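These notes concern the structure reproduced below.
This is a predicted model, so every value here is computed, not measured. Throughout, residue positions are numbered sequentially from 1 according to the sequence presented.
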Amino acid sequence: MKYIGNILIAITGLIFCSCHYETTDRAAGIIVRADSADMLSIPYCDKHELEYAVSILEQHRITQRALLAKAYYYLARCHSNNRQDLKATEFYLKAADYNRDRDKILQGRIYSNIAYICGLYGENDMAVKYFHLAGGDYLQGRDTTRYVGNLIELARIYNRDKACYAIVDSLMLKALRAEVDSTLQGRIADTYSIIYDERGETYKALVYAQRAVSYPVKSGETELLPYRHFHLAQLFAKADLTDSVKPHALYVVEHSSNPYYLKTAYQQLAALSKRDSKLSEALQYTHGQVSNTENAGWRSEALQECINTINEWEERKISRQRIILIAGIIILLLAVLSAVIWHKHHKEKVLRNQIDILQERLEKTTDSYERKQINRQLRNLQRINEFCTENPEFCNTEKWKNNSLFSTTINAAFPRLLPYLEDQGLNLTEQRICVLVLFDRYSNSEIAEFCYISPTSMSKTKSRIASKLNTTTGRLRQLLIGII
């Protein structure tokens, strides 16, 4: 019986040992798969497997500290990817504790991730502390790429405080001097652009953003180039260089799958089209914004913008028609006004020309009788010209409309005219017509209007007046000039 008992104890020990190795090997296999995914920059997201690995390795923490540190690290990353930052920080701290004095690069990555979470929650002092710890570990592990990436993140934290701008510039200078590949140089240019943008130095930010676009990106970073073009479009818009916004916004529309980038790019393109009065194009971009978003709020906002664009389109059409109508009316009024002014100045010029012609005749003639006749005509024309100059709007004043004032005004200027016309049997309307014919500034239609008779009867009235004065309509004015 004694031997049987010993055999049973040995068998039990063997079974326990085989189970132990089976479970720890499985946990190690999970960590190996997580390492492989990490090397390919693919996040290992099987949280249940990692929790299983942690539970197994915790039972053998004394011998499995390195694997346990990695298990906690990958589990923390799972929680961080699911926005469970407090739980992630707890696991990162456990990973750091188990990894102490072991893998310096892993320790640096742990501290960097803790610092990043602290920065998200505004714990800048803690973020700075852990970024510094991470930087020291990266240096000891001789990982220049991650060390430079850590400098960049540390600079962004310091840039939140104006008093630390000198530290930021020092950190970025270290990053620029480091020998890194072109993809990381692109990240450095990106960071410099963001830093200057946060400081309000838009033009400096533009220089680095344009430099960043020229650098290549890693094959897995599909959204990095669209982001750079998105950032450039934003900076050009801030700098009021709106003509440079369009090509970068179009690149975002064609290559990005980020809903926020697409929404903003479509909005920029629609605004530019509206500015250029291309409302149909603006409507297409706004419709593109509706089609490429699943966010209910953004979709509602874009639909409202579509409605506003259509309404604006209709308003512009109506406004354009109104402008054309108003412009036509203004042109017509200007044409009428120009015609009136031309007519007025033309009549004034005709009268002055008549005076000039008589003066030339006076200078040339030597016959005393002819000179006497010319002088008489010249004096009468000058009197007419003086009266018209002193009373430019005579027919629109009370002096014309009031019969008594009319007679008084004309008699004062031309004492012989109205009495003579009255003696010849001309009524008041006919006398008024004679006065306007004497001035020689008005057409038959204007005279008819001022004298309240129809234009068609004007020629008959003038013929009747000429008959009463024993002359013809062609010589009527000449007769009237002789009378005054």
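Evaluation of the salt bridge (charged side-chain N to carboxylate O under 4.0 Å, His left out) test over residues 242-255, restricted to residues two or more places apart or in two chains, returns Asp243-Arg275, Lys246-Glu281. For residues 171-189, the set of pairs meeting the salt bridge (charged side-chain N to carboxylate O under 4.0 Å, His left out) definition, not counting sequence neighbours, comprises Glu153-Arg187. Residue pairs meeting the salt bridge (charged side-chain N to carboxylate O under 4.0 Å, His left out) criterion with at least one partner in residues 105-115, sequence neighbours excluded, are Asp38-Arg109. Screening residues 113-137 for ring-ring contact (aromatic ring centres under 6.0 Å, His included) gives Tyr111-Tyr130 as the qualifying pairs, with residues at least two apart or on separate chains.
At a threshold of 4.0 Å, the pair Glu49-Arg33 counts as salt-bridged, since one of the basic side-chain nitrogens sits closer than that to a carboxylate oxygen. A salt bridge is absent between Glu398 and Lys401: the closest approach of a Lys/Arg side-chain nitrogen to an acidic carboxylate oxygen does not fall below 4.0 angstrom.
Using a 3.5 Å distance cut-off with no hydrogens or angles, the side chains of Asn113 and Tyr92 do pair a donor with an acceptor.
The backbone N or O of Arg77 lies less than 3.5 Å from a partner atom in the side chain of Asn81, making a donor-acceptor pair. Between the side chain of Asn99 and the backbone N or O of Arg102, no donor-acceptor pair lies under 3.5 Å. In this structure, the side chain of Gln107 engages the main chain of Ala96 through a donor-acceptor pair within 3.5 Å. Remark: the backbone N or O of Ser55 is not paired with any side-chain donor or acceptor of Glu58 at under 3.5 angstrom. A donor-acceptor pair is defined here as one N or O able to donate and one able to accept, closer than 3.5 Å; such a pair exists between the side chain of Ser457 and the backbone of Ser454. Although no hydrogens or angles enter the test, the distance criterion places no donor-acceptor pair under 3.5 Å between the side chain of Asn82 and the main chain of Gln84. The backbone N or O of Gly108 sits less than 3.5 Å from a side-chain atom of Tyr138, completing a donor-acceptor pair. At distances below 3.5 Å, at least one donor-acceptor pair connects side-chain atoms of His255 with backbone N or O atoms of Tyr251. A donor-acceptor pair under 3.5 Å is absent between the side-chain atoms of Asp143 and the main chain of Leu139, judged by distance alone. Side-chain N or O atoms of Glu223 include one that pairs as donor or acceptor with a backbone N or O of Ser257 at under 3.5 Å.
For Asp125, there are no salt bridge (Lys or Arg N to Asp or Glu O under 4.0 Å) partners at least two apart in sequence or on another chain. Remark: Arg199 engages Asp169 in a salt bridge (Lys or Arg N to Asp or Glu O under 4.0 Å) (not counting sequence neighbours).
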>> Assess the residue pair His248 and Phe230 against the criterion (ring pair (Phe, Tyr, Trp, His ring centres under 6.0 Å)); give the C-alpha distance rounded to whole Å, side-chain angles, the decisive distance to 0.1 Å, and a yes or no.
In response: CA-CA 6 Å; His248 300 287; Phe230 168 79; over 10 Å; no

>> side-chain contact (heavy atoms from CB on, under 4.5 Å), that's the test. Do Arg26 and Ile56 meet it? Break it down for me.
In response: CA-CA 9 Å; Arg26 184 182 170 194; Ile56 295 301; over 6 Å; no

>> Applying ring pair (Phe, Tyr, Trp, His ring centres under 6.0 Å) to Phe91 and Tyr74, what does each step give before you reach the verdict?
In response: CA-CA 9 Å; Phe91 289 139; Tyr74 289 123; over 10 Å; no

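Note: Tyr196 and Tyr208 have parallel aromatic rings, judged against thresholds of 30 and 60 degrees for the angle between ring planes. In this pair, Phe406 and Trp400 present their aromatic rings perpendicular. The plane angle is above 60°, beyond the 30 to 60° band. Ring-plane geometry between Tyr72 and Tyr98 is classed as parallel, the angle between the planes falling under 30 degrees on a 0 to 90 degree scale with a further cut at 60.
Between Ala69 and Ala95, the shortest heavy-atom contact is O-CB, 3.3 Å.
Tyr147 is not listed as a side-chain neighbour of Gln140, based on a closest heavy-atom distance of 4.5 Å or more.
Atom NZ of Lys399 sits in a sparse spot, with 12 or fewer heavy atoms from other residues, nucleotides or ligands closer than 6.0 Å.
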